[in-house]
Amino acid sequence: QLQLVESGGGLVQAGGSLRLSCAASGLTFNSYAMCWFRQAPGKEREFVAAIRWSVVTTYYADSVKGRFTISRDNAKNTVYLQMNSLNDEDAAVYYCAAVPIEYSSGRLKDEHEYHYWGQGTQVTVYS
């Protein structure tokens, strides 16, 4: 059974950093595109970053470009999100998601692209 488990969330001061991890099991990890979305209270879930199975190609929301970095370790079946220079607008529940190559349309910024989701990890930013 495919499972995605996020970790690394927590409380961080504005300007600080966090690294989120998403451990995957029950899948051939290097055949999946992976991503991070986030959802703040009262807001819709929004795209943050995605990475193709090839590792080389990444995508970012404009709001996080230059501050966040998505990466993956296919040997560890884990995708990461390094978040720097955090601000109040980054506070949200962060979700990782996965889609296998054979079912991907390439629209990796679209939440409907993804077949599997984790339970989320909370990121809280204080001033």
Do [X] and [Y] have side-chain heavy atoms sitting under 4.5 Å apart?
{"X": "Y59", "Y": "F47", "answer": "yes"}
{"X": "L4", "Y": "Y95", "answer": "no"}
{"X": "S31", "Y": "P100", "answer": "no"}
{"X": "K76", "Y": "S21", "answer": "no"}
{"X": "Y114", "Y": "V99", "answer": "yes"}
{"X": "L20", "Y": "V123", "answer": "yes"}
{"X": "R38", "Y": "E46", "answer": "yes"}

- Item | salt bridge (Lys or Arg N to Asp or Glu O under 4.0 Å) contacts in which one or both residues fall within residues 6-23, not counting sequence neighbours | none
- E113 CD to S105 OG distance, which is reported to the nearest 0.5 Å: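 So the CD of E113 and the OG of S105 are separated by 3.5 Å.
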- Item | CH2-CG distance between W53 and N74, expressed to the nearest 0.5 angstrom |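 So the CH2 of W53 and the CG of N74 are separated by 12.0 Å.
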- Message: I'd like to check the disulfide (SG to SG under 2.5 Å) partners of C35; sequence neighbours left out, ordered by chain and number.
- Response: none
- Is the Y116 ring parallel, tilted or perpendicular to the Y32 ring (thresholds 30°, 60°)?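 Ring orientation of Y116 relative to Y32: tilted.
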- Message: Taking T57's backbone N and O only, do any of them form a donor-acceptor pair with R52's side chain (distance below 3.5 Å, no angle check)?
- Response: no
- Locate the shortest heavy-atom distance separating T58 from I70; write the atom from each residue and the value. CG2-CG2, 3.8 Å
- Please report the shortest heavy-atom distance between A92 and Q122, naming the atom on each side.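 In terms of heavy atoms, the two residues are closest at O-NE2, 3.4 Å.
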- Message: Tell me whether Q1 at atom CD has more than 12 heavy atoms from other residues, nucleotides or ligands lying less than 6.0 Å away.
- Response: no
